[in-house]
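What follows is a single structure, written as structure tokens, with notes after it.
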Amino acid sequence: MSVVPVVRSLLDSQSVLFYISSIFGVIPYSLWAFAKRTVLQLSILGNIWVICSLIVYTALYHVATTNYVKDDWGTQKTLTNAIGIFIIYMEPLMMATDMVAAMINQKQLTQCFERIARIDSHLAADGILLNNDRLRRTTIVLLLLMLIFETIITVYSFVVFEEEFTFWSMIWFITTIPTALNSVCRIWYVMLVLAIRQRFNAMNAHMNAIAHGILHYKDQFVGDQDPDITEIPLDYLEKEIFTVYTQRRKQLAATPPKKPITKIIAVKPYEGKQAVRLGSAREYLPSDLRVRVRIEQRLDNKLILICRTHDELCEVGKVVNRMYSVQMLVAMAHGFVSITAEFYFLYCSLTRQEVPILFRSSEVFFLALTLIVYTALKCIVPIFVCWKTKTDSQRTGIEMHYLANVVDECHCYEVVNHLSLKLLNHHLNFSACGFFDLDMTTLYAITGAITSYLIILIQFNLAAIQKSSSNSTTTASNVTSTTAIAVIEDVVSTALTKYVSN
């Protein structure tokens with residue numbers, strides 16, 4: 001009797017992330033229901049806790065920012081103050097967007113976890129097991145990275161820039177909460193997309209394992225079959241067409257069957273490694289090793305299940321994209337503006353120019369570099385995960401055709417060709433409210449835009465420096481000429497006075 005291994009569910013694997021999010025008011029679910037039954041249960045108290053947390057965090061952030069700036073608002077230019085206020089207060093704006101979206105989409109998030117759980121049960125019944133512990137480890141690593149970056153940025157800024165260490169000055173650590181909660185929401189998004197990608201990879205790997213097991217069976221036990229086909233160096237699509245054509249031509253040929261030629265087959269001893277190499281393909285292989293492999297209709301149910309699961313995963317991915325599209329748009333806008341401003345004021349700091357009080361972190365190179373890397377990672381990681389998930393979903397059709405090529409049967413070709421048309425309609429794409437796709441082309445475009453705007457800002461800065469230097473030179477020459485004229489007038493007036501008196 002076979003024992004089915006116990007696999008940790010996706011929601012159970014994210015318990016650490018759920019507890020952190022629930023305690024700090026990121027998601028409005030019942031903490032008691034999750035601790036008892038590991039389910040996402042709607043809760044009125046949870047929604048009230050999220051609203052109260054949002055109000056308290058925003059008010060404390062404003063107080064901490066005002067205490068940090070103190071009376072230095074008027075010492076900067078109006079435009080510089082406007083840009084600084086916009087960038088600084090985008091962090092609580094992102095936090096508010098994440099929390100409000102979590103309350104709006106709480107039912108959809110619950111449905112996503114339920115649909116993923118049904119997909120896992122269907123895949124497990126067909127022999128495709130998933131290891132959610134790997135996803136759990138990834139989530140913990142992301143949380144630790146967030147903690148490290150937030151600790152370095154906040155503590156370093158407090159030690160370097162705070163003049164007096166008092167109890168009231170400790171309010172500076174409140175500014176860490178909005179950025180940390182924004183990172184937690186990004187981790188939720190990355191976790192859901194990674195879960196979808198893991199299931200795509202599991203199906204693709206399962207089909208690839210079946211194909212390699214059949215190939216290994218043919219190579220190790222049966223020997224070379226159909227040398228007129230395998231010896232022709234063709235691609236798998238050309239080989240598929242050629243194989244179907246030759247088989248139908250043989251069926252239509254009215255030639256008497258030839259007498260079977262006695263062939264001695266060398267039976268190899270059993271080896272454990274060979275049995276392991278067969279893997280998932282053993283259920284489709286004959287028990288007699290001397291029999292030619294004929295799959296026919298035995299593989300249809302698995303391929304149909306994979307096609308249906310692929311469609312379900314694409315639908316779940318679309319729901320996830322709708323839930324987080326606004327948040328990703330705001331996050332990308334904040335990342336672009338923040339990184340550009342940080343680079344520009346870092347340049348000003350390195351050239352011994354005045355840096356606004358709101359961007360005083362640029363005066364310390366290590367702190368500025370840490371801020372840039374942390375902000376960039378919050379944009380790069382979601383983009384990279386979405387891009388890889390999209391490419392892995394498109395690879396399912398390729399793996400299915402590769403399996404049909406290995407099976408090399410007319411019926412399997414017909415089934416795969418039919419399912420391929422369905423897979424073409426399973427389009428999965430992640431975007432930020434439709435403005436741009438979350439893939440590597442967007443990352444390239446953002447990098448190019450940051451570089452272009454940074455060069456423009458530096459050119460304007462150089463032009464302003466040259467203008468100020470020329471103005472100072474003109475002013476100095478005017479002062480010199482005015483002084484000389486005054487001296488001459490004094491000398492002339494003195495001489496005239498002496499002449500009149502004599």
Side-chain angles (χ1 to χ4, degrees), residues 7-58 92-121 130 132-133 135-144 146-147 177-196 198-199 312-313 315-328 330-331 378 382 385:
V7 181
R8 184 195 298 266
S9 65
L10 176 62
L11 187 58
D12 190 19
S13 65
Q14 301 303 314
S15 58
V16 177
L17 181 60
F18 178 86
Y19 287 130
I20 293 175
S21 303
S22 181
I23 292 173
F24 286 94
V26 178
I27 53 178
Y29 296 104
S30 173
L31 183 63
W32 179 262
F34 186 86
K36 289 294 182 181
R37 295 180 283 120
T38 316
V39 293
L40 295 180
Q41 181 177 327
L42 304 183
S43 173
I44 298 177
L45 183 61
N47 286 271
I48 296 175
W49 174 248
V50 171
I51 296 174
C52 295
S53 300
L54 175 60
I55 296 173
V56 171
Y57 294 154
T58 305
L93 176 62
M94 292 169 57
M95 180 186 67
T97 304
D98 292 329
M99 289 184 173
V100 173
M103 290 188 292
I104 295 174
N105 300 320
Q106 51 185 320
K107 291 184 179 179
Q108 296 182 3
L109 183 61
T110 305
Q111 292 174 2
C112 284
F113 277 101
E114 292 175 354
R115 295 174 72 173
I116 291 176
R118 288 196 299 267
I119 291 172
D120 292 348
S121 62
L130 296 163
N132 291 313
D133 289 335
L135 192 60
R136 176 175 177 270
R137 290 191 295 267
T138 303
T139 304
I140 293 176
V141 169
L142 292 177
L143 289 172
L144 290 177
M146 179 204 71
L147 180 62
I177 295 178
T179 57
L181 297 186
N182 294 334
S183 301
V184 171
C185 293
R186 298 294 85 75
I187 293 174
W188 272 102
Y189 179 67
V190 170
M191 181 271 299
L192 289 172
V193 178
L194 276 177
I196 297 172
Q198 184 184 20
R199 279 135 188 88
E312 184 72 11
L313 285 173
E315 293 299 323
V316 174
K318 293 176 183 178
V319 173
V320 173
N321 181 55
R322 287 194 297 268
M323 287 193 300
Y324 289 91
S325 57
V326 177
Q327 297 92 303
M328 294 307 300
V330 177
K378 290 198 289 186
V385 172

| said: Please evaluate residues Phe24 and Val184 with respect to the criterion side chain to side chain contact (heavy atoms under 4.5 Å, CB included), reporting the C-alpha separation (whole Å), side-chain torsions for both, the decisive distance (0.1 Å), and the verdict. | reply: CA-CA 10 Å; Phe24 286 94; Val184 171; over 6 Å; no
| request: Go through the structure and list residues passing side chain to side chain contact (heavy atoms under 4.5 Å, CB included) with Ile48, not counting sequence neighbours. | output: Ile44, Cys52
| said: So which atom in Val193 and which in Val385 form the shortest heavy-atom distance, rounded to 0.1 Å? | reply: CG1-CG1, 3.5 Å
| message | Using the rule given for side chain to side chain contact (heavy atoms under 4.5 Å, CB included), can you reason through Arg199 versus Leu10, listing the C-alpha separation, both sets of side-chain angles and the distance that settles it, and then say yes or no? | response | CA-CA 11 Å; Arg199 279 135 188 88; Leu10 176 62; 4.2 Å; yes
| said: Restricting to non-hydrogen atoms, name the atom on Val50 and the atom on Met99 that form the minimum distance, rounded to 0.1 Å. | reply: CG1-CB, 3.9 Å
| Which atom pair, heavy atoms only, marks the closest approach of Met328 to Pro382? | CE-CB, 3.6 Å
| request: Quick one: list whatever passes side chain to side chain contact (heavy atoms under 4.5 Å, CB included) with Ile104, sequence neighbours left out. | output: Val100
Which atom pairs, donor and acceptor, lie under 3.5 Å between side-chain atoms of residues 26-39 and protein residues at least two apart or in another chain?
residue: Tyr29; atom: OH; partner: Gln106; partner atom: O; Å: 2.5
residue: Ser30; atom: OG; partner: Ala33; partner atom: N; Å: 3.3
residue: Arg37; atom: NH2; partner: Gln41; partner atom: OE1; Å: 2.6

Which donor-acceptor pairs under 3.5 Å do side chains of residues 317-324 form with protein atoms, sequence neighbours excluded?
residue: Asn321; atom: OD1; partner: Ser431; partner atom: N; Å: 2.9

| What distance separates Leu130 CG from Ile116 CD1, expressed to the nearest 0.5 Å? | 10.5 Å
| query | Looking only at atom types and distance, does a side-chain atom of Ser22 sit under 3.5 Å from a main-chain N or O of Tyr19, one as donor and one as acceptor? | reply | no
| query | CG/Leu142 to CG/Leu17 distance, rounded to the nearest 0.5 angstrom? | reply | 9.5 Å
| Distance in Å, Ile177 CD1 paired with Ser53 OG, rounded so as to fall on 0.5 Å steps | 9.5 Å
| message | Once side chain to side chain donor-acceptor pair (under 3.5 Å) is applied, do any residues pair with Gln14, and if so which ones, sequence neighbours excluded? | response | Thr139
| Set of salt bridge (Lys or Arg N to Asp or Glu O under 4.0 Å) partners for Arg137, sequence neighbours left out | none
| remark: For residues 104-115, the salt bridge (charged side-chain N to carboxylate O under 4.0 Å, His left out) pairs (sequence neighbours left out) are Arg115-Glu312
| query | Just wondering, more than 12 heavy atoms not from Phe113 lying within 6.0 Å of its CZ? | reply | yes
| field | Non-hydrogen side-chain atoms of Leu192 and Leu109 separated by less than 4.5 Å | value | yes
| Measuring from Ser13:OG to Met191:CE, what's the distance to the nearest 0.5 Å? | 7.5 Å
| What pairs of residues pass the side-chain hydrogen bond (donor to acceptor under 3.5 Å, both in side chains) test when at least one of them lies in residues 178-196, not counting sequence neighbours? | Ser21-Trp188, Asp98-Arg186, Glu150-Thr179, Ser183-Tyr374
| Between CE on residue Met146 and CD1 on residue Ile20, distance to nearest 0.5 Å | 6.5 Å
| task | Name all pairs fulfilling the salt bridge (charged side-chain N to carboxylate O under 4.0 Å, His left out) condition that reach into residues 12-24, sequence neighbours left out, sorted by first residue then second. | result | Arg8-Asp12
| query | Considering residues at least two apart in sequence or located in another chain, which fulfil the side chain to side chain contact (heavy atoms under 4.5 Å, CB included) criterion with Leu93? | reply | Thr97
| request: Hey, could you give me the CE/CD1 distance between Met103 and Ile51, rounded to the nearest 0.5 Å? | output: 4.5 Å
